[in-house]
Amino acid sequence: MTVWSKLTYVMPDSVRDMMESYELYTGIQNNLPNVLAAAAVLYAVWKLTNFVIIKRKLNKKREASKIQIQKAKAKWCEVVDSDSRITLEEVDRITSMNFADLTKSLKDGGLKVVTVVRAFQRKAAIENQNFNFICMPIDADDVEEYARELDAMPVSDRGSKPLFGIPLSVKENEDVEGYCATLGCTRRLGVISEKNSPRVQVLKDLGAIPFITTNVPQGLLSFSCANPIYGVTTNPWNAKREPGGSSGGEGAAIGSGASVFGLGSDIGGSIRIPASWNGVTGIKPTAGRISAVGRHTSSPGQTMVKATAGPLASTVDGLIMAMRAFSSKQMFLEDPSIPQQFFNEEELLSQRPLTIGVYYTAGPVEVCAAAKRAVKEAADVLASRGHKIVPYELRDAELCSTKFFPAAVFGDGGAHLVNLLYGDELSHDISPLIKLLSLPLLLKKALNKIISFAVVDYAAEVIKKNEGVASVNDWCILQRELQEYIHLVISDWKSDGIDAVLCPPMPVPAMPLGDPQLAKSAVSYCVTWNVLNFPAGVVPVTRVTSADEEADKKNFPPKDMFHRVLKRGLTDSAGLPMAAQIVTLPYHEELCLRIMKELESEVSFQPLQRPLHT
Ligand SMILES: CCCCCCCC/C=C\CCCCCCCC(=O)NCC(=O)O
C-alpha cells in the first residue's frame, strides 16, 4: 500500500469526493513528495512566524515593564537613601546586630520598629547598587504604616508577635499581595498576586515586615541568579562570583547585611546553595510539612521530588523563629491541608547525646579541600560537645542525582518550563537547557544516543532524562523504586542508630559568574536530600584559605569537563565562606535546628561586615 492510498483510506468520504470533483485527487497523487515537502515548509513557516510574533510581543512587554520597574526602584532607593531620619552610623549599628539581640531590642522597645525598617531599607538600597538582589521594594508607605502600628503596641502585648518588627525579605516566587511572582519569566509579568502566600501572611501576622522581594534565576532551575527582567545578582563576598540560586537574591541580601530574615524555596538546593555561598544559614524542611500554597516552582504538579519553601537567616535563631511560625496554629488555619505538626520545643532543647554519621564525598562529584575541612571542623566541634561521630556511607549515592532527581523534574520532558519560556529572551544560564528540552522527542532520542558515546556515564544519564518518562507505567515504576530506596535509607539509619548526618552542601565555594551553567553536577550533595525528602540545613563554618587553594591545585582531580570547571573556580577562592550540611529524618526539623545551633555556637565564623559609614 502506498502512502497516498493509506491517506485516502483514512480520509472521510466527503473529503475524498470533493477532491476528486476538483481533480485535486489525481494532482496530489501524482505530486505526493512535492505536496508533502510544501506542507512541511508551510508548517515550519507558520511555526516560525508564530514564534517571531510571540517573541516580539514578549520583548515589548518586558522592555516596557523593565523601565517601570527600574524607575520605581530608583525612586525608592533615592527616597530611602536620602532619609535624614536615619544616619549611616545607625544603619551600621542596627544591621550588624545579631538576630536574637535585634528581636529583643524591638520587643522591649529599646529600638523602634520604624527605625529598624528604615535602617534595613537604607542598607538594602545601598547594597543593591553593588549586588542587585532586589526585584521590587515593598511600597515604603505601607511598610511605614505597619511599622508605626507595631510601635503603637504596648510592650506588654508584644509577646503575641514573636517576630515583632523584624524586616522580612521574600524570594520573588512567593505571592506577595500587589506584586508579581515572575520567576524571571516575561510571560508572568503583569500577573499580580491577589493575596499573600500563607507563609508571608503568617510571618506578617506574627510581626515580620516584608520590605523587599528578591531575585531568582529564570525558571528557578539553576544555582546562578540572573534573568532578563531583573538582571544579574552577584555575591557580596566577591562580586565576580555567583550568589547561588535559586534563592540567590535572598543569599546576597542576607549575606550583605541588608536583611536578617528571608523566605526561599528548594527543590535541588535552592535554599542551601545560596546560604552556603553567602555565609548565612538556611534550612530546607521536609516537603509536605510547610504549606505549598502561593509558591511558584520550576516543575509544578510533579510530586515525586517536591519543592518546599523554607527560611534563610543571618543566624539559626531566625530559622527557628520561622519554623515555629510555619508550625503554628495561625499556619494551620491559613492552610488546613498541611498536617498539624506543632513545633517540637522539647526536641529543639533536648541535650541527649546523638550519633551523627559523617561523609565527605558521595557519588561521582569530587569535593574541594575547604569543603572537606568545613565538614571536618564541624565534626570535631560536635564531637567535643559529646556527640558520637561515625562514618556514614549513603547507599547507592549516585542514584539520587543521576536518576531520581532529573527523571522527576524532567518527567514531563521539560514541557512546563519550555511553555513558560516560549519566545522569551533566555538568560545565559538556562538557555542551553531550554534549547535541549525544546527539541522534538525524536531528535532528543537521536541526540541522547550520540551523547551516550561521547559523554562520561553519569552526565549522559542525567542529560538523557530530558526525554521525560515514556508512560504512566514508567512513572509509577520510578515512584515505587524511589519509595523503596527511601525506606532502605531510613532502615540503614535505624539499624546504625544514626540520628543525623553531617556532609558538605556543595563541593566548591561560590563559583565564578557563569560557571554553574557548565557544572550542574555540583548540586548533587544537596539534591540527595530533596530526593529522600529529609530536612537539611546549612551553617557557615569557615572560609577558604590559601592553603586550601594550594592543596586543590595539586589534588583536585580534573577527571572530566565538569570537574575542570569546578577546579578552575577554586583559583582565587580564598576568603569565600564554606558551610556544613546537617540532615535529619523526615519531619525532624527541630533536631536539625538543634544541631545547627550547637554547631553555630562553637565555630568562629564571622559574617561579612561592610560598614557604610567610614
Ligand atoms: C552527579 C551529577 C548529577 C546532577 C544532577 C542534576 C541535574 C541537572 C539539571 C538541572 C540543574 C538543576 C539545578 C538545580 C538548582 C536548584 C533548583 C531549586 O532548588 N529550585 C527551587 C524551586 O524550584 O523552588
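Each ligand, and each atom within it, is numbered from 1 in the order the structure gives.
- Side chains of Asn530 and Arg272: a donor-acceptor N/O pair is present below 3.5 angstrom, by distance only.
- The closest approach between a heavy atom of Ser246 and any atom of ligand 1 is below 4.0 Å.
- Atom OG1 of residue Thr315 and atom CE of residue Met321 lie 10.0 Å apart, to the nearest 0.5 angstrom.
- In this structure, Thr297 contributes its side chain and Ala307 its backbone to no donor-acceptor pair below 3.5 Å.
- Remark: minimum distance from atom 11 (C) of ligand 1 to any protein heavy atom is reached at Lys520 CD, 3.6 Å.
- Neither the backbone nor the side chain of Ser299 comes within contact range of ligand 1; no heavy atom lies under 4.0 Å.
- Within the 4.5 Å cutoff, side-chain heavy atoms of Ser65 are placed close to those of Leu189.
- Nearest protein heavy-atom neighbour of atom 5 (C) of ligand 1: Ser401 O, 3.2 Å.
- Listed for the Lys372 side chain is no donor-acceptor partner under 3.5 Å among the backbone atoms of Cys368.
- When only interatomic distances are considered, the shortest N/O to N/O separation between Ser265 and ligand 1 falls below 3.5 Å.
- Distances between N or O atoms of Ile267 and those of ligand 1 include at least one value under 3.5 Å.
- In terms of N/O distances under 3.5 Å, ligand 1 is not approached by Lys171.
- A side chain to side chain donor-acceptor pair (under 3.5 Å) with Asp175 holds for exactly one of His296, Gln201, Arg295, Lys195; it is His296.
- Residue contacts with ligand 1: Ser270 is placed with a nitrogen or oxygen under 3.5 Å of a nitrogen or oxygen of the ligand (distance criterion only).
- The two atoms that bring Gly310 and Pro285 nearest to each other are CA-CD, 3.8 Å, heavy atoms only.
- Each of the atoms 22 (C), 23 (O), 24 (O) of ligand 1 lies under 4.0 Å from some heavy atom of Thr297.
- In this structure, a donor-acceptor pair under 3.5 Å is absent between the side chains of Glu250 and Ser247.
- The shortest N or O to N or O distance between Thr402 and ligand 1 is not below 3.5 Å.
- Checking only distances, Pro364 never comes within under 3.5 Å of ligand 1, N or O to N or O.
- Lys559 NZ: more than 12 foreign heavy atoms inside a 6.0 Å radius.
- For ligand 1, the atoms sitting less than 4.0 Å from at least one non-hydrogen atom of Gly268 are 16 (C), 18 (C), 19 (O), numbered in the order shown with element in parentheses.
- In this structure, the separation between OG1 on Thr286 and CD on Gln341 is 7.5 Å, given to the nearest 0.5 Å.
- Residue Gly269 has at least one heavy-atom neighbour below 4.0 Å for each of these atoms of ligand 1: 19 (O).
- Here's the thing with Leu221: none of its N/O atoms is less than 3.5 angstrom from an N/O atom of ligand 1.
- Atoms of ligand 1 lying under 4.0 Å from any heavy atom of Leu220, numbered from 1 in the order shown and given with element: 17 (C), 18 (C), 20 (N), 22 (C), 23 (O), 24 (O).
- Aromatic ring centroids of Phe534 and Trp493 lie under 6.0 Å apart.
- Counting only heavy atoms of the protein, atom 4 (C) of ligand 1 lies nearest to Ser521 CA, 3.7 Å.
- For atom 6 (C) of ligand 1, the nearest protein heavy atom (residue, atom name, distance) is Val523 CG2, 3.8 Å.
- The protein heavy atom nearest to atom 7 (C) of ligand 1 is Val462 CG1, 3.6 Å.
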